[in-house]
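Inspection log for the structure reproduced underneath, given as structure tokens.
Numbers restart at 1 for each chain; the letters A, B, ... are given by sequence-line order, proteins then strands.
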There are 2 protein chains.
Amino acid sequence: MGRSKTDGGAGVRERILAAACELFAEQGYDATSVQQVVDRAGVTKGGLYHYFGAKEDLLVEMYRAIFSERLTALDAILAEGRDPEWTLRAIIEDIVVGTAAMRQESAAVSRELATMDSGRTQRLQADWRRYQEAVRGLIRQAQQDGVFSPVASPEVVSWSIFGVTNSLHTWFRPDGPKPAETIARELADFVLAGLKTPS
Amino acid sequence: MGRSKTDGGAGVRERILAAACELFAEQGYDATSVQQVVDRAGVTKGGLYHYFGAKEDLLVEMYRAIFSERLTALDAILAEGRDPEWTLRAIIEDIVVGTAAMRQESAAVSRELATMDSGRTQRLQADWRRYQEAVRGLIRQAQQDGVFSPVASPEVVSWSIFGVTNSLHTWFRPDGPKPAETIARELADFVLAGLKTPS
DNA sequence: CTGTCAATACCGACCAGTCGGTATGTTGAA
DNA sequence: TTCAACATACCGACTGGTCGGTATTGACAG
């Protein structure tokens, strides 16, 4: 359904999204024209506006793709009910590996995050705040319990973590010497070393 | 010189730059039209193009304003010739406080950093790489000397630091409860705690 | 102090081209 | 015939940038 006999095997909608993702990541959202998107996707503007109501919907779709995955992963990790050290490590490794796996989407979205608040994205932004608040709450509680050192506030620690992932697309290369899993482990080691209580 | 008797006391060129800075930070570079800039600055397009050769020059100017300050500060810190712990702390505190003091410029520029590589900015980007390489080299040397723990690679540590400052504009509020100096000290404490060798 | 003359600073109308979006047409399957 | 799935042609708004013109200033001569 929805497949013509001449397309490359992928649905038209998916091709459009993939093309938009590449172009937004390369040039930015505003600098990319709808015409460029349809050219790369091998369709026409009529086709794009058949599947998407507006150019912005392409961005919203990428936004959702990124955060829905991270949020379900977060819930799964929290549901384990393990100790703070294990939990924070799992969150960091998931967000690094998950973000690295969607470099282009995250590059496209992270740049426009500040601008996007057009009603359509408020639900998604609320989810994102919930994610950050969960991390901060975890750190805060563990510091109160004496499990983590109070060397820095939960805000600064969480900003360190999310700052890395927000700018991950600028320095991570999938064909580089270090796979995402290694970087994820290093970052988790580093953060947890900073939070370790002197014994 | 260059001042009419009706302006607010600031030079026209500075007013244009300030207006562009605000608008780029709010809406992004591409989403901001030259017309919006001149409207907010209280001049006309002819006036803007009298002082700037192209719209892009406004961005380049902000780029330079940010990095020239950071680079001279870096050189001054390195010239002290102190131990790695003191040096890294000084660098972190300078970059946090300095970036916070130029929130809007850094918001405007950081978003477009990936796209800007039009010859005009190559010199500036080379300087920026030099900055990062200085930090990484400092960490690498200290780790080899056993002063810093090898818990994470110099790359990951430096990305943690620069990731925070690159996304600082999204969460730092100058009228918030925490002044930039406090955040700077917390971040330095946190990073150095992670790098401390177990004694 | 006054008159002259460039140079600088700035204005506002105006391009040619591009933008996101739409209205209408065509095609093949059911 | 009917409907989804696209293609094509096109629109009005707006874009970055240009250009001829003018108001203001400073230097210098007398």
>> What is the distance, to the nearest angstrom, from the CG atom on A:D57 to the P atom on C:dG20?
In response: 14 Å
>> Strictly below 4.0 Å, N to O, side chains only: are B:D189 and B:R89 in salt-bridge contact?
In response: yes
> So, do B:F162 and B:W128 have ring centers that fall under 6.0 Å from each other?
Replying inline: yes
>> Rounded to whole Å, please give me the gap between CZ in B:F52 and P in D:dT18.
In response: 15 Å
> Is there a side-chain polar atom (N or O) of B:H50 under 4.0 Å from OP1 or OP2 of C:dA9?
Replying inline: yes
> Is there a donor-acceptor contact under 3.5 Å linking the side chains of B:K178 and A:S153?
Replying inline: yes
> In B/S/- notation, 5' to 3', how is nucleotides 11-16 of chain D contacted by protein heavy atoms closer than 4.0 Å?
Replying inline: ----SB
>> Looking at A:E93 and A:R185, is any side-chain nitrogen of the basic one under 4.0 Å from a carboxylate oxygen of the acidic one?
In response: no
> Which residue, B:L48 or A:G53, contacts DNA chain C at a nucleotide closer to its 5' end, judged by nearest heavy atom?
Replying inline: B:L48
>> Within the 3.5 Å criterion, strictly below it, is a donor on B:R111 or B:S106 matched to an acceptor on the partner's side chain?
In response: no
> Is any NZ, NE, NH1 or NH2 atom of the basic residue among B:R140 and B:D145 found under 4.0 Å from an Asp or Glu carboxylate oxygen of the other?
Replying inline: no
